[in-house]
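Note that the structure is a prediction, hence the values are computed from the model and not measured. Index from 1, following the sequence.
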Amino acid sequence: MTTPALLPLSGRRLPPLNLGTSSFPHHRATLRLSEKFILLLILSAFITLCFGAFFFLPDSSKHKRFDLGLEDVLIPHVDTSKGGKNLGGFLIHGQGHDEHRHRSVIQKLVLSQQLQFVYDQCIFRNEMLTSICVSREEEERLRNKIRADHEKALEEAKEKLKKSRDEIQAEIQTEKNKVVQELKKKDSKPLPPVPLPNLIGINSGEPADPDIREKRNKIKEPYCSPLPKTLGFLPYFTDHTSVGGLGDSFYEYLLKAWLMSDKMDTEARKMYDDAIEAIEKHLIRKSNGGLTFIGEWKNGHLERKMGHLTCFAGGMFALGADGSRDDKAGHYLQLGAEIAHTCHESYDRTTLKLGPEAFKFDGGVEAVAVRQNEKYYILRPEVIETYWYMWRFTHDPKYRQWGWEATQAIDKYCRVSGGFSGVKDVYSSSPTYDDVQQSFFLAETLKYLYLLFSNDDLLPLDNWVFNTEAHPLPVLHLANTTLSGNPAYR
């Protein structure tokens with residue numbers, strides 16, 4: 001026999017049972033509206049509690065068992081293996097399924113979950129408060145430190161403002177003097193020689209393998225046989241030879257290769273001497289006014305024009321004077337001084353006291369630029385370089401005086417808000433800028449000016465060789481090599 005449902009479906013009444021006359025009173029087959037509402041309210045509260053417990057409790061507690069004193073109750077879950085039909089149900093272990101037991105279990109479950117939630121919130125809030133307190137203490141400590149630094153800096157600034165400009169400059173000068181005195185106390189010993197390791201297969205710079213030696217000599221043939229042979233020096237064009245642009249570094253490096261080898265590369269020295277003799281014979285002349293200049297060979301004849309780039313040769317002649325042929329050291333030192341004097345005249349005969357790019361020696365014109373495209377000055381270093389070499393070898397004070405004149409002219413006419421700029425016409429009292437600061441101005445011009453007013457023990461020429469871009473390179477003192485493992489020089 002089928003048990004009738006507790007709640008009616010669609011207001012359907014149960015069919016009456018004909019039991020005949022009975023002593024039992026008649027019972028209603030339906031519920032009143034208020035009773036329906038109360039049951040619906042209870043069911044809604046039950047569902048709300050289930051969903052609230054599932055979504056708002058911490059994850060770690062959803063599958064945790066609680067000891068309720070009567071039996072073990074498992075937190076509700078969805079059994080997907082059964083199609084999810086048991087949503088919101090509870091799996092209860094124990095005997096009996098009456099309404100009272102259900103209500104008691106639910107109340108204890110909700111209470112346990114609420115207690116666990118409150119406990120977790122307390123732990124979380126305690127950790128947060130601890131972290132906030134530590135962060136606030138660190139922040140307060142940092143603020144106090146910054147405040148103290150600001151106050152200290154402010155006090156120092158106030159003390160500085162109380163002093164006059166002369167007092168501040170005096171303090172700076174005092175600090176500079178202290179530094180100078182400390183440097184003077186130190187022994188200014190020359191830089192140690194640079195050792196050369198004994199490389200495998202090398203004997204005194206000569207390759208041990210004859211085949212390698214032959215190939216190396218083949219590579220050097222173009223330099224050992226200058227063209228044209230009738231003049232004795234190397235042109236950079238078939239019809240143009242100059243000691244200035246495009247050809248200057250070749251002659252300079254012949255000499256400096258010999259110096260860097262501690263004067264042991266005799267082949268480089270021979271090539272340099274041959275080239276210098278040819279230059280002196282075919283390119284060097286003296287003007288009607290007595291100025292010695294180096295011209296340019298073009299199309300079979302000498303052009304009486306000297307470029308600013310050629311002015312480096314005065315220093316080269318002085319540097320190569322020691323060790324020259326036929327004991328002509330004095331001659332080449334004097335030749336270097338004459339070139340330096342000519343280049344100084346090219347500066348002194350301009351309005352700005354700065355040298356032009358090129359200057360001529362034709363007729364009544366001497367050491368003066370004629371063409372407009374040769375009147376510019378772009379902060380070139382060659383004249384200053386020659387002043388420095390001549391100062392090192394002669395200590396004649398006029399070279400420092402000339403260098404100071406050039407420094408003042410550069411500062412007066414080339415300094416701009418963003419640095420230094422070249423000028424387009426050194427003969428104009430109102431020059432215009434080319435708006436370019438060349439890289440060699442810092443690398444060479446200012447470096448040679450600094451060395452010009454420094455002592456000789458700063459980068460001494462016995463231990464250092466400057467390449468064409470003013471980078472100092474060490475001299476290889478082979479005779480003083482003491483490296484173990486290099487028996488040739490023990």
Side-chain angles (χ1 to χ4, degrees), residues 231-237 239-252 255 272 275-321 324 328 330-350 353-371 373-378 380-390 393-394 396 398-399 402-403 405-406 426-427:
L231 297 181
F233 47 73
L234 183 69
Y236 52 81
F237 293 122
D239 58 349
H240 189 185
T241 300
S242 169
V243 183
L246 303 179
D248 51 348
S249 298
F250 171 72
Y251 306 107
E252 178 183 7
L255 171 65
Y272 170 77
I276 292 304
E277 290 179 358
I279 289 172
E280 188 175 10
K281 178 179 179 180
H282 298 284
L283 301 182
I284 296 179
R285 295 290 185 272
K286 192 178 289 288
S287 70
N288 296 333
L291 297 178
T292 302
F293 67 94
I294 305 176
E296 297 183 5
W297 189 268
K298 285 186 178 182
N299 300 320
H301 71 278
L302 181 67
E303 183 178 5
R304 299 172 68 86
K305 180 180 75 172
M306 184 174 180
H308 192 290
L309 289 167
T310 311
C311 286
F312 91 97
M316 182 182 68
F317 291 141
L319 184 63
S324 57
K328 298 175 66 175
H331 167 73
Y332 285 112
L333 189 61
Q334 178 61 31
L335 180 59
E338 292 177 3
I339 297 298
H341 174 67
T342 299
C343 293
H344 173 258
E345 286 297 314
S346 72
Y347 273 55
D348 195 52
R349 298 182 184 189
T350 67
K353 303 303 178 183
L354 295 172
E357 182 68 10
F359 40 93
K360 289 197 172 184
F361 299 86
D362 283 336
V365 177
E366 292 191 357
V368 175
V370 176
R371 297 179 179 178
N373 61 356
E374 296 174 345
K375 295 181 179 181
Y376 61 88
Y377 172 72
I378 56 174
R380 287 199 183 277
E382 290 77 21
V383 175
I384 308 299
E385 177 184 357
T386 285
Y387 291 167
W388 174 62
Y389 278 112
M390 295 306 303
F393 290 113
T394 67
D396 191 330
K398 70 180 180 182
Y399 296 113
W402 292 350
E405 291 173 0
V426 294
Y427 299 97

Trainee: Give the minimum heavy-atom separation between V383 and C343, together with the two atoms involved.
Mentor: CG2-CB, 3.9 Å

Trainee: Excluding sequence neighbours, so at least two apart, what forms side-chain hydrogen bond (donor to acceptor under 3.5 Å, both in side chains) with K328?
Mentor: none

Trainee: Quick one: CG on L309 to CZ on R380, what's the gap to the nearest 0.5 Å?
Mentor: 4.0 Å

Trainee: Among all residues two or more places apart in sequence or in another chain, which pass the side-chain hydrogen bond (donor to acceptor under 3.5 Å, both in side chains) test with E382?
Mentor: H308

Trainee: Rounded to the nearest 0.5 Å, what separation is found between the CZ atom of F293 and the CD1 atom of I284?
Mentor: 10.0 Å

Trainee: For the residue pair F359 and F361, does the interplanar ring angle fall in the parallel (under 30°), tilted (30 to 60°) or perpendicular (over 60°) class?
Mentor: perpendicular

Trainee: Work out which heavy atom in A369 is nearest to a heavy atom in P356; give both atom names and the distance.
Mentor: CB-CB, 3.8 Å

Trainee: Given side chain to side chain contact (heavy atoms under 4.5 Å, CB included), test I276 with M316 step by step and report yes or no.
Mentor: CA-CA 10 Å; I276 292 304; M316 182 182 68; 3.8 Å; yes

Trainee: Quick one: OG1 on T241 to CD on E303, what's the gap to the nearest 0.5 Å?
Mentor: 12.5 Å

Trainee: Can you check whether M306's main-chain N or O pairs, donor with acceptor, with T310's side chain at less than 3.5 Å?
Mentor: no

Trainee: For residues E277 and H282, is any side-chain donor paired with an opposing acceptor at under 3.5 Å?
Mentor: no

Trainee: Can you label the angle between the Y377 ring and the Y347 ring as parallel, tilted or perpendicular, going by 30° and 60°?
Mentor: perpendicular

Trainee: Provide the closest heavy-atom pair for G320 versus S324 in the form atom of the first, atom of the second, distance.
Mentor: O-CB, 4.0 Å

Trainee: Report the residues that fulfil ring pair (Phe, Tyr, Trp, His ring centres under 6.0 Å) with F312, sequence neighbours left out, ordered by chain and then residue number.
Mentor: none

Trainee: Is any side-chain heavy atom of E280 closer than 4.5 Å to a side-chain heavy atom of H331?
Mentor: yes

Trainee: Could you check if a side-chain atom of T350 sits within less than 4.5 angstrom of a side-chain atom of K375, using non-hydrogen atoms only?
Mentor: no

Trainee: Do D348 and K353 have side chains that approach each other closer than 4.5 Å (heavy atoms only, starting at C-beta)?
Mentor: yes

Trainee: Are any side-chain N or O atoms of T386 and backbone N or O atoms of C311, one a donor and one an acceptor, separated by less than 3.5 Å?
Mentor: yes

Trainee: Minimum heavy-atom separation for Y387 to A340, with atom names?
Mentor: CE2-O, 4.1 Å

Trainee: Looking at E366, is its backbone amide N or carbonyl O close enough to the side chain of R349 to form a donor-acceptor pair, meaning the two atoms are under 3.5 Å apart?
Mentor: yes

Trainee: Just jot down the side-chain hydrogen bond (donor to acceptor under 3.5 Å, both in side chains) partners of K305, sequence neighbours excluded, or say none.
Mentor: E374

Trainee: Which distance, rounded to the nearest 0.5 Å, do you find between the CD1 of I339 and the CE of M390?
Mentor: 10.5 Å

Trainee: Could you check if a side-chain atom of V426 sits within less than 4.5 angstrom of a side-chain atom of Y376, using non-hydrogen atoms only?
Mentor: no

Trainee: What is the distance from atom CG of L302 to atom CZ of R285, rounded to the nearest 0.5 Å?
Mentor: 5.5 Å

Trainee: What's the spacing between L283 CG and S242 OG if we round to 0.5 Å?
Mentor: 7.5 Å

Trainee: Surrounding CZ of R371 (heavy atoms of other residues, nucleotides or ligands, distance under 6.0 Å), is the total greater than 12?
Mentor: no

Trainee: In sequence, state the C-alpha distance, the side-chain angles, and the governing distance for W402 and H341, and then conclude on side chain to side chain contact (heavy atoms under 4.5 Å, CB included).
Mentor: CA-CA 10 Å; W402 292 350; H341 174 67; 4.1 Å; yes

Trainee: Nearest heavy-atom pair of A406 and L354: which atoms, and what distance?
Mentor: O-CD2, 4.2 Å

Trainee: Got a sec, which residues hit side-chain hydrogen bond (donor to acceptor under 3.5 Å, both in side chains) with T292, two or more places apart in sequence or on another chain?
Mentor: K286, E338

Trainee: Among all residues two or more places apart in sequence or in another chain, which pass the salt bridge (Lys or Arg N to Asp or Glu O under 4.0 Å) test with K398?
Mentor: none

